[in-house]
Amino acid sequence: MSESTATDSDGVAWAPVDWDAQAAVFDDEPDHGLRDPQVRAAWAERLRDWLPGRSSDILDLGCGTGSLSLLAAEQGHRVTGVDLSPAMVERARAKLAGRDAVFLVGDATDPPVGEQRFDAVLVRHVLWALPGPARALRHWQGLLRPEGRLVLVEGVWGTVTPIGIPPERLTMLLRPLASHLHLEHLSGDARLWGGEVADERYAVVASI
(Lines give C-alpha, C1' and ligand atoms only; values in the text may rest on other atoms or scores of the structure.)
Protein backbone atom coordinates (compact mmCIF):
# COMPACT_ATOMS: atom_id res chain seq x y z
CA MET A 1 0.00 0.00 0.00
CA SER A 2 1.35 3.41 -0.91
CA GLU A 3 -0.12 6.61 0.47
CA SER A 4 0.70 10.33 0.47
CA THR A 5 1.25 12.42 3.56
CA ALA A 6 -1.96 14.22 4.53
CA THR A 7 -4.31 15.22 7.31
CA ASP A 8 -7.88 14.04 6.81
CA SER A 9 -11.16 15.75 7.62
CA ASP A 10 -11.14 14.11 11.06
CA GLY A 11 -7.77 15.64 11.88
CA VAL A 12 -5.86 12.34 11.85
CA ALA A 13 -2.33 12.54 10.40
CA TRP A 14 -1.07 9.75 8.19
CA ALA A 15 2.31 9.11 6.61
CA PRO A 16 3.54 7.62 3.32
CA VAL A 17 4.66 3.98 3.25
CA ASP A 18 5.47 1.94 0.15
CA TRP A 19 3.99 -1.38 1.24
CA ASP A 20 5.11 -3.26 -1.89
CA ALA A 21 8.69 -2.39 -0.99
CA GLN A 22 8.06 -3.41 2.64
CA ALA A 23 6.51 -6.80 1.81
CA ALA A 24 9.80 -8.73 1.75
CA VAL A 25 10.73 -7.64 5.29
CA PHE A 26 7.26 -7.09 6.76
CA ASP A 27 7.22 -10.38 8.66
CA ASP A 28 10.53 -9.59 10.37
CA GLU A 29 8.62 -7.55 12.97
CA PRO A 30 7.52 -9.90 15.79
CA ASP A 31 3.86 -8.83 15.71
CA HIS A 32 3.73 -8.98 11.89
CA GLY A 33 5.23 -12.37 11.08
CA LEU A 34 4.21 -14.01 14.39
CA ARG A 35 7.20 -16.31 14.03
CA ASP A 36 7.91 -16.43 17.76
CA PRO A 37 5.68 -19.11 19.35
CA GLN A 38 4.85 -16.89 22.35
CA VAL A 39 3.86 -13.93 20.16
CA ARG A 40 1.82 -16.19 17.92
CA ALA A 41 0.06 -17.78 20.88
CA ALA A 42 -0.73 -14.37 22.38
CA TRP A 43 -2.41 -13.15 19.20
CA ALA A 44 -4.28 -16.44 18.79
CA GLU A 45 -5.61 -16.08 22.33
CA ARG A 46 -6.83 -12.54 21.64
CA LEU A 47 -8.49 -13.51 18.36
CA ARG A 48 -10.41 -16.28 20.10
CA ASP A 49 -11.87 -13.65 22.42
CA TRP A 50 -12.54 -11.05 19.71
CA LEU A 51 -13.89 -13.18 16.85
CA PRO A 52 -17.13 -15.20 16.95
CA GLY A 53 -16.91 -18.52 18.75
CA ARG A 54 -18.45 -20.45 15.86
CA SER A 55 -17.05 -20.87 12.36
CA SER A 56 -17.70 -17.53 10.65
CA ASP A 57 -16.91 -15.37 7.64
CA ILE A 58 -14.11 -12.94 8.52
CA LEU A 59 -13.00 -9.94 6.45
CA ASP A 60 -9.38 -9.00 7.21
CA LEU A 61 -8.76 -5.50 5.87
CA GLY A 62 -5.20 -4.30 5.34
CA CYS A 63 -4.29 -7.96 5.82
CA GLY A 64 -0.63 -7.54 4.92
CA THR A 65 1.08 -10.92 4.56
CA GLY A 66 -1.89 -12.68 6.16
CA SER A 67 -0.56 -13.56 9.62
CA LEU A 68 -3.82 -12.74 11.43
CA SER A 69 -5.78 -14.30 8.58
CA LEU A 70 -3.85 -17.52 9.14
CA LEU A 71 -4.67 -17.53 12.86
CA ALA A 72 -8.35 -16.97 12.08
CA ALA A 73 -8.33 -19.78 9.51
CA GLU A 74 -6.65 -22.11 12.00
CA GLN A 75 -9.51 -21.36 14.39
CA GLY A 76 -12.00 -22.58 11.79
CA HIS A 77 -13.06 -19.30 10.19
CA ARG A 78 -13.46 -18.59 6.48
CA VAL A 79 -11.28 -15.60 5.64
CA THR A 80 -11.34 -12.95 2.95
CA GLY A 81 -8.27 -10.72 3.07
CA VAL A 82 -7.88 -7.38 1.30
CA ASP A 83 -4.74 -5.30 0.89
CA LEU A 84 -3.79 -2.49 -1.46
CA SER A 85 -0.32 -3.98 -1.99
CA PRO A 86 -0.11 -6.76 -4.61
CA ALA A 87 3.17 -7.92 -3.06
CA MET A 88 1.52 -8.30 0.36
CA VAL A 89 -1.43 -10.17 -1.17
CA GLU A 90 0.92 -12.54 -3.01
CA ARG A 91 2.63 -13.43 0.26
CA ALA A 92 -0.70 -13.87 2.06
CA ARG A 93 -1.93 -16.26 -0.65
CA ALA A 94 1.24 -18.33 -0.28
CA LYS A 95 0.99 -18.34 3.52
CA LEU A 96 -2.61 -19.62 3.47
CA ALA A 97 -2.35 -21.92 0.47
CA GLY A 98 -4.80 -24.80 0.83
CA ARG A 99 -6.90 -23.08 3.48
CA ASP A 100 -10.42 -21.65 3.27
CA ALA A 101 -9.17 -18.17 2.43
CA VAL A 102 -9.34 -15.70 -0.46
CA PHE A 103 -7.10 -12.65 -0.87
CA LEU A 104 -7.92 -9.64 -3.00
CA VAL A 105 -5.99 -6.55 -4.03
CA GLY A 106 -8.06 -3.52 -3.09
CA ASP A 107 -8.61 -0.47 -0.93
CA ALA A 108 -9.45 -1.21 2.70
CA THR A 109 -11.78 1.79 2.74
CA ASP A 110 -13.96 0.25 0.02
CA PRO A 111 -12.98 -3.42 -0.29
CA PRO A 112 -13.90 -5.22 -3.55
CA VAL A 113 -16.22 -7.79 -1.96
CA GLY A 114 -19.43 -6.97 -3.86
CA GLU A 115 -22.57 -8.08 -2.06
CA GLN A 116 -20.79 -10.48 0.28
CA ARG A 117 -21.42 -9.89 3.96
CA PHE A 118 -19.39 -10.98 6.97
CA ASP A 119 -19.72 -11.92 10.62
CA ALA A 120 -16.68 -9.88 11.61
CA VAL A 121 -14.44 -7.25 10.05
CA LEU A 122 -10.88 -7.42 11.42
CA VAL A 123 -8.61 -4.39 10.98
CA ARG A 124 -5.18 -3.98 12.56
CA HIS A 125 -3.13 -0.76 12.37
CA VAL A 126 -4.96 0.50 9.27
CA LEU A 127 -7.72 2.89 10.30
CA TRP A 128 -5.32 5.59 11.56
CA ALA A 129 -3.74 5.83 8.08
CA LEU A 130 -6.95 6.21 6.10
CA PRO A 131 -7.98 9.66 4.82
CA GLY A 132 -11.49 9.33 6.29
CA PRO A 133 -11.80 6.99 9.27
CA ALA A 134 -15.41 7.92 10.05
CA ARG A 135 -16.44 7.18 6.48
CA ALA A 136 -14.52 3.89 6.50
CA LEU A 137 -16.21 2.76 9.72
CA ARG A 138 -19.65 3.46 8.31
CA HIS A 139 -18.84 1.48 5.19
CA TRP A 140 -17.43 -1.44 7.20
CA GLN A 141 -20.57 -1.48 9.32
CA GLY A 142 -22.53 -2.03 6.12
CA LEU A 143 -20.43 -5.08 5.28
CA LEU A 144 -21.55 -6.88 8.44
CA ARG A 145 -24.41 -9.30 8.87
CA PRO A 146 -26.87 -8.66 11.70
CA GLU A 147 -25.12 -9.02 15.08
CA GLY A 148 -21.75 -8.76 13.37
CA ARG A 149 -18.73 -7.08 14.93
CA LEU A 150 -15.86 -4.77 14.07
CA VAL A 151 -12.52 -5.80 15.58
CA LEU A 152 -10.16 -2.83 15.44
CA VAL A 153 -6.56 -2.91 16.70
CA GLU A 154 -5.06 0.57 16.75
CA GLY A 155 -2.66 2.76 18.66
CA VAL A 156 -0.74 6.01 18.99
CA TRP A 157 2.97 5.73 18.14
CA GLY A 158 5.79 8.09 19.03
CA THR A 159 6.19 10.80 21.65
CA VAL A 160 7.61 13.88 19.89
CA THR A 161 5.13 13.92 16.98
CA PRO A 162 2.77 11.03 17.76
CA ILE A 163 0.78 9.44 14.97
CA GLY A 164 -2.25 7.23 15.25
CA ILE A 165 -5.78 7.45 16.56
CA PRO A 166 -6.42 7.70 20.32
CA PRO A 167 -8.91 5.24 21.83
CA GLU A 168 -11.17 8.09 22.96
CA ARG A 169 -11.52 9.28 19.38
CA LEU A 170 -12.13 5.83 17.96
CA THR A 171 -14.81 5.00 20.53
CA MET A 172 -16.46 8.36 19.80
CA LEU A 173 -16.58 7.51 16.08
CA LEU A 174 -17.98 4.05 16.81
CA ARG A 175 -20.61 5.00 19.37
CA PRO A 176 -23.33 5.95 16.82
CA LEU A 177 -22.73 2.69 14.90
CA ALA A 178 -22.49 0.07 17.63
CA SER A 179 -24.81 -1.44 20.22
CA HIS A 180 -21.87 -2.36 22.46
CA LEU A 181 -18.20 -1.37 22.66
CA HIS A 182 -15.42 -3.25 24.42
CA LEU A 183 -12.03 -1.56 24.79
CA GLU A 184 -8.87 -3.52 25.65
CA HIS A 185 -5.54 -1.85 26.37
CA LEU A 186 -2.77 -3.95 24.84
CA SER A 187 0.45 -2.03 25.55
CA GLY A 188 1.07 -3.90 28.80
CA ASP A 189 1.03 -7.36 27.19
CA ALA A 190 4.63 -7.70 25.96
CA ARG A 191 3.84 -11.11 24.48
CA LEU A 192 1.87 -9.45 21.68
CA TRP A 193 4.78 -7.32 20.53
CA GLY A 194 7.80 -9.49 21.21
CA GLY A 195 8.94 -7.19 24.01
CA GLU A 196 8.00 -4.19 26.11
CA VAL A 197 6.49 -1.19 24.29
CA ALA A 198 5.99 2.40 25.40
CA ASP A 199 3.35 3.32 22.82
CA GLU A 200 -0.39 3.28 23.38
CA ARG A 201 -1.81 0.16 21.75
CA TYR A 202 -5.35 -1.10 22.13
CA ALA A 203 -8.26 -2.97 20.57
CA VAL A 204 -11.93 -2.10 20.30
CA VAL A 205 -14.57 -4.73 19.59
CA ALA A 206 -17.76 -3.08 18.41
CA SER A 207 -20.90 -5.19 18.27
CA ILE A 208 -23.33 -3.93 15.66
Side-chain angles (χ1 to χ4, degrees), residues 26-27 30-85 88-127 136-154 170 174 177-184 186 189 191-193 201-208:
F26 187 77
D27 281 353
D31 59 310
H32 291 172
L34 308 185
R35 292 166 173 165
D36 182 286
Q38 288 189 330
V39 177
R40 181 182 177 82
W43 280 102
E45 179 184 325
R46 296 286 178 161
L47 285 189
R48 286 191 193 94
D49 290 338
W50 297 337
L51 297 178
R54 56 181 173 77
S55 178
S56 301
D57 293 306
I58 309 299
L59 178 60
D60 184 1
L61 296 177
C63 64
T65 61
S67 294
L68 292 187
S69 292
L70 179 57
L71 291 183
E74 288 175 345
Q75 293 177 12
H77 299 296
R78 299 170 295 276
V79 181
T80 299
V82 176
D83 201 281
L84 195 59
S85 163
M88 291 284 192
V89 167
E90 181 180 352
R91 289 175 179 272
R93 287 170 177 163
K95 190 177 288 186
L96 278 85
R99 297 191 178 271
D100 195 354
V102 174
F103 292 94
L104 308 170
V105 176
D107 187 348
T109 304
D110 188 13
V113 295
E115 297 302 312
Q116 188 175 359
R117 294 297 176 264
F118 300 88
D119 301 297
V121 173
L122 171 65
V123 192
R124 182 174 68 167
H125 299 169
V126 172
L127 185 67
L137 289 170
R138 288 192 298 270
H139 186 67
W140 298 344
Q141 178 199 30
L143 298 176
L144 290 169
R145 293 178 177 136
E147 300 183 6
R149 64 184 71 175
L150 298 173
V151 179
L152 308 169
V153 182
E154 287 294 335
L170 180 51
L174 285 167
L177 308 177
S179 60
H180 177 74
L181 295 177
H182 174 66
L183 170 66
E184 287 187 34
L186 305 177
D189 189 350
R191 300 174 307 154
L192 293 169
W193 318 110
R201 307 184 187 192
Y202 64 93
V204 177
V205 179
S207 302
I208 305 302

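For clarity, every value in this text was computed on a predicted model and none was experimentally measured. Basis for what follows: all heavy atoms, side chains included, without hydrogens, waters or symmetry-related copies.
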Nearest heavy-atom neighbours spanning [X] and [Y]:
X: Ala72; Y: Val79; answer: CB-CG2, 3.9 Å
X: Ser85; Y: Asp83; answer: N-OD1, 2.9 Å
X: Ile58; Y: Pro52; answer: CD1-CD, 4.1 Å
X: Gly106; Y: Pro112; answer: CA-CD, 4.0 Å

Rounded to the nearest 0.5 Å, how far does [atom2] of [Y] lie from [atom1] of [X]?
X: Gln75; Y: Ser56; atom1: CD; atom2: OG; answer: 11.0 Å
X: Ser67; Y: Arg40; atom1: OG; atom2: CZ; answer: 8.0 Å
X: Ser69; Y: Arg93; atom1: OG; atom2: CZ; answer: 12.0 Å
X: Leu137; Y: Leu152; atom1: CG; atom2: CG; answer: 6.0 Å
X: Arg117; Y: Leu59; atom1: CZ; atom2: CG; answer: 10.0 Å
X: Leu127; Y: Leu150; atom1: CG; atom2: CG; answer: 9.5 Å

Q. Going through the checks in order, is the salt bridge (Lys or Arg N to Asp or Glu O under 4.0 Å) test met by Arg46 and Asp189?
A. CA-CA 11 Å; Arg46 296 286 178 161; Asp189 189 350; 3.0 Å; yes
Q: Only counting residues at least two apart or in another chain, list the ones meeting salt bridge (charged side-chain N to carboxylate O under 4.0 Å, His left out) with Glu45.
A: Arg191
Could you check if a side-chain atom of [X] sits within less than 4.5 angstrom of a side-chain atom of [Y], using non-hydrogen atoms only?
X: Trp43; Y: Leu192; result: yes
X: Val126; Y: Leu61; result: no
X: Leu104; Y: Pro111; result: no

Q | Step-by-step side-chain contact (heavy atoms from CB on, under 4.5 Å) determination, Arg35 to Asp27 | A | CA-CA 8 Å; Arg35 292 166 173 165; Asp27 281 353; 3.5 Å; yes
Do the side chain of [X] and the main chain of [Y] share a donor and acceptor less than 3.5 angstrom apart?
X: His32; Y: Phe26; value: yes
X: Asp100; Y: Arg78; value: no
X: Asp119; Y: Asp57; value: yes
X: Ser55; Y: Gly76; value: yes
X: Arg149; Y: Leu144; value: no
X: Arg124; Y: Val153; value: no

Only pairs under 3.5 Å count here: list side-chain donor-acceptor contacts from residues 201-208, not counting sequence neighbours, and write none if there are none.
from   : atom 1 : to     : atom 2 : distance (Å)
Arg201 : NH2    : Asp199 : OD2    : 3.1
Tyr202 : OH     : Ile165 : O      : 2.6
Tyr202 : OH     : Pro166 : O      : 3.4

Q: Under the side-chain contact (heavy atoms from CB on, under 4.5 Å) rule, what do Leu183 and Leu181 come out as? Steps first, then yes or no, please.
A: CA-CA 7 Å; Leu183 170 66; Leu181 295 177; over 6 Å; no
Q) Does CD in Gln38 sit with more than 12 non-hydrogen atoms of other residues, nucleotides or ligands closer than 6.0 Å? A) no
Q: Could you please spell out the steps behind the side-chain contact (heavy atoms from CB on, under 4.5 Å) verdict for Trp193 and Leu186?
A: CA-CA 9 Å; Trp193 318 110; Leu186 305 177; 3.9 Å; yes
(Q) Go through it in stages, so that I can follow the logic: the residues are Thr65 and Lys95, the test is side-chain contact (heavy atoms from CB on, under 4.5 Å), and I'd like the CA-CA distance, side-chain angles, deciding distance and then a yes or no. (A) CA-CA 7 Å; Thr65 61; Lys95 190 177 288 186; 3.1 Å; yes
Q | Partners passing ring pair (Phe, Tyr, Trp, His ring centres under 6.0 Å) against Trp50 (at least two apart in sequence or in another chain) | A | none
